Number of protein chains: 2
Amino acid sequence: MKEGREVTIYDIAKSLHISPATVSRSLSNHHAISSRTRKKVLEAAHEMGYRSNSFARNLRMQKINVLGVIVPKINSHFISSVIAGMEEVASEYGYRIIISQSMESMQMEKERVYTMFNNRVGGLLVSVACDTTNMKHFKLFFDKKIPVVFFDRVFEGNGNLNVVIDNYRNAYDITRHLIGQGCKRILHIGGNQARAEYKERYRGYRDALLEAGLVCSDELLLINKLDEKAGIEAGEKILRMAERPDGVFAANDICAAHCLQTIKAAGYKVPEDICFAGFNNDPVAEMIEPHLTTVNYPCYEMGEIAMRSLINQLSGSRIINAAGSIILRSGIIVRASSLRRKSS
Amino acid sequence: MKEGREVTIYDIAKSLHISPATVSRSLSNHHAISSRTRKKVLEAAHEMGYRSNSFARNLRMQKINVLGVIVPKINSHFISSVIAGMEEVASEYGYRIIISQSMESMQMEKERVYTMFNNRVGGLLVSVACDTTNMKHFKLFFDKKIPVVFFDRVFEGNGNLNVVIDNYRNAYDITRHLIGQGCKRILHIGGNQARAEYKERYRGYRDALLEAGLVCSDELLLINKLDEKAGIEAGEKILRMAERPDGVFAANDICAAHCLQTIKAAGYKVPEDICFAGFNNDPVAEMIEPHLTTVNYPCYEMGEIAMRSLINQLSGSRIINAAGSIILRSGIIVRASSLRRKSS
């Protein structure tokens with residue numbers, strides 16, 4: 001085979017000493033071709049690097065299907081665990097996945113959606129970008145009835161399946177726990193409130209405070225990117241506060257852990273002076289000292305279930321889809337960062 | 001547009017009130033078509049979800065090229081940082097990337113390579129699986145002169161570009177540092193020795209010991225998966241040893257940190273009783289107490305440079321490629337886990 005040139009059915013025919021018509025018929029699954037010949041042709045086509053629409057169609061007919069995954073960013077234990085769960089189920093059913101990042105931008109998400117469409121993926125799994133305000137860019141998939149499953153960051157009422165956790169309930173529960181440990185002035189570090197998921201975590205926190213008759217003010221709310229830098233800056237800000245909080249609930253563990261480390265380095269005791277709680281059960285939660293109280297986010301299971309739902313839809317079963325949303329079991333994990341000896 | 005049916009040039013023609021021939025010519029960049037008409041047709045094709053070989057070709061001609069990335073697993077800070085660096089450069093040049101995991105299996109890697117080929121990626125960036133023993137499965141790309149750049153886990157002498165760090169040198173330097181801190185019995189926790197990268201880290205460690213006249217025995221070498229579980233088990237094993245090491249150098253930080261935590265929980269002091277060193281400069285290195293001495297692996301830069309090299313090759317510049325390998329600057333970072341007060 002000459003380098004750089006596209007392989008044709010004539011090249012395959014020549015290498016197998018059969019007619020081009022036989023190759024063409026094999027590639028299009030023609031009934032007149034024996035399965036032995038077809039297999040031989042497919043293998044040769046595969047090896048020689050033949051690619052064409054009909055061959056791609058044939059690959060699809062063989063159910064070697066490719067599914068697309070679009071995530072905001074592959075930079076967290078959360079996302080990598082979700083993807084691990086997806087990969088596990090996909091490989092069980094003979095599917096392969098390709099992954100793309102929207103980099104937290106709706107514009108880039110649009111482009112990724114189109115790239116996936118043009119790559120003819122059999123289905124799509126999506127957690128949307130921070131600034132995604134609508135779902136118009138998924139219309140290509142909806143119109144063609146190519147299934148799309150959303151997970152973690154989703155849209156309500158889109159008619160498609162969402163796989164989520166109860167953000168409100170977990171935030172409410174963890175704030176109640178901090179109150180139970182004697183915290184009276186609890187600060188919340190939240191993510192972009194345009195996203196329902198972060199808004200729900202804030203609402204859960206707020207309702208628990210109001211219910212207990214505690215102060216819930218703008219002064220006790222910090223909104224940032226929830227990354228390492230944001231955690232350190234939040235810690236510095238808390239250290240400068242005239243009236244220091246005695247509890248901190250951050251919307252993720254990375255931010256909570258770096259905030260905790262900053263406060264501790266300034267000489268304050270955790271949990272005696274300030275209790276800390278995070279969200280996700282990231283590995284850092286058990287690395288930081290004291291270990292961090294957090295919400296157990298079932299990320300691996302989320303990946304498994306989202307993928308299983310997608311594959312169910314591909315195989316014609318739309319039973320789960322009828323549900324609209326799947327809410328996974330989650331709950332809080334209490335560790336030393338919020339357990340005051342006097343109350344334990 | 002009817003749902004579920006492929007969009008044709010006739011649909012596009014109808015929606016724009018122009019002839020199918022004009023649509024066809026626009027999609028194939030025919031010279032007789034004005035750029036205004038072509039733009040209108042391309043936009044309509046895009047919106048309506050038209051997909052065909054010629055349209056894909058056209059997209060490629062517009063340089064909206066897709067590049068493929070194959071990694072062992074997206075489960076580490078290292079890999080996510082490399083991908084972040086790649087994404088940065090790709091978007092700067094108007095490329096999009098799709099990512100696939102080999103799950104540390106050569107067989108799955110083969111399949112991913114073929115999926116990428118069939119998706120007609122313009123180039124490939126690869127870090128190979130743990131058990132990949134040859135490069136035959138990349139022949140499809142080599143034959144067609146589609147550029148492939150390997151990073152981190154590479155093959156020597158494959159004629160393609162490798163982007164790496166000096167594993168031997170860094171391991172040698174960090175072991176020398178431990179010896180300088182008074183360690184006389186240093187244990188190494190290494191990865192799969194079939195992979196040159198881990199073998200080199202072991203060799204660097206061994207040569208530093210031999211040079212200093214220290215013991216280098218099988219008893220002081222543990223080979224495992226370098227994950228959290230392996231780190232804990234290594235710690236338990238060390239605790240059971242009759243003659244305990246006074247220094248541990250692990251081939252990554254995750255393993256080192258969990259081993260350190262296990263040893264510390266048993267009542268030993270770090271670095272007084274045992275010094276610890278890791279590899280990668282993962283965020284856990286600064287989360288664990290005491291902070292972990294490690295090798296600063298320039299992962300983000302590795303992603304940037306690998307992507308830049310690939311794009312250079314795509315644009316016809318093969319200057320860097322002539323080099324065969326790019327070795328990135330790296331070096332050790334000394335932190336409290338190996339700094340004994342008596343020597344500091």
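As the structure is a computational prediction, the values presented were derived from the model and not from experiment. Letters go in sequence order (proteins before strands), and every chain restarts at 1.
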Subject >> Spatial distance of atom NE2 (His77(B)) from atom CG (Asn280(B)) [nearest 0.5 Å] >> reply: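 One gets 8.5 Å once the value is rounded to the nearest 0.5 Å.
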Using non-hydrogen atoms and a 4.5 Å limit, figure out which bit of [X] sits close to chain B: side chain, backbone, both or neither.
| X | value |
| --- | --- |
| Gln101(A) | both |
| Lys264(A) | side chain |
| Ser91(A) | side chain |

Original post:
Considering residues at least two apart in sequence or located in another chain, which fulfil the ring pair (Phe, Tyr, Trp, His ring centres under 6.0 Å) criterion with Tyr297(A)?
Top reply: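 Tyr297(A) satisfies ring pair (Phe, Tyr, Trp, His ring centres under 6.0 Å) with Phe78(A) once adjacent residues are dropped.
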Subject >> Partner chain B: residue of Glu289(A), Glu286(A), Gln261(A), Glu111(A) with the largest heavy-atom pair count (under 4.5 Å) >> reply: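 Looking at each option in turn, the highest pair count goes to Glu111(A).
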Original post:
Below 4.5 Å, heavy atoms only, C-beta onward: do Glu109(A) and Phe138(A) meet side chain to side chain?
Top reply: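 Sidechains of Phe138(A) and Glu109(A): in contact.
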Subject >> Residue from Ile98(A), Ile74(A), Val71(A) passing side chain to side chain contact (heavy atoms under 4.5 Å, CB included) with Ile99(B) >> reply: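 One option only clears the test, and that one is Ile74(A).
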Original post:
Given a strict heavy-atom distance threshold of 4.5 Å, which part of Leu140(B) is in contact with chain A: side chain, backbone, both, or neither?
Top reply: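 Answer is side chain: those atoms of Leu140(B) sit under 4.5 Å from chain A.
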Original post:
For the residue pair Ile146(B) and Gly122(B), what are the closest heavy atoms and their distance?
Top reply: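 Here Ile146(B) and Gly122(B) meet closest at CG2-O, 3.3 Å.
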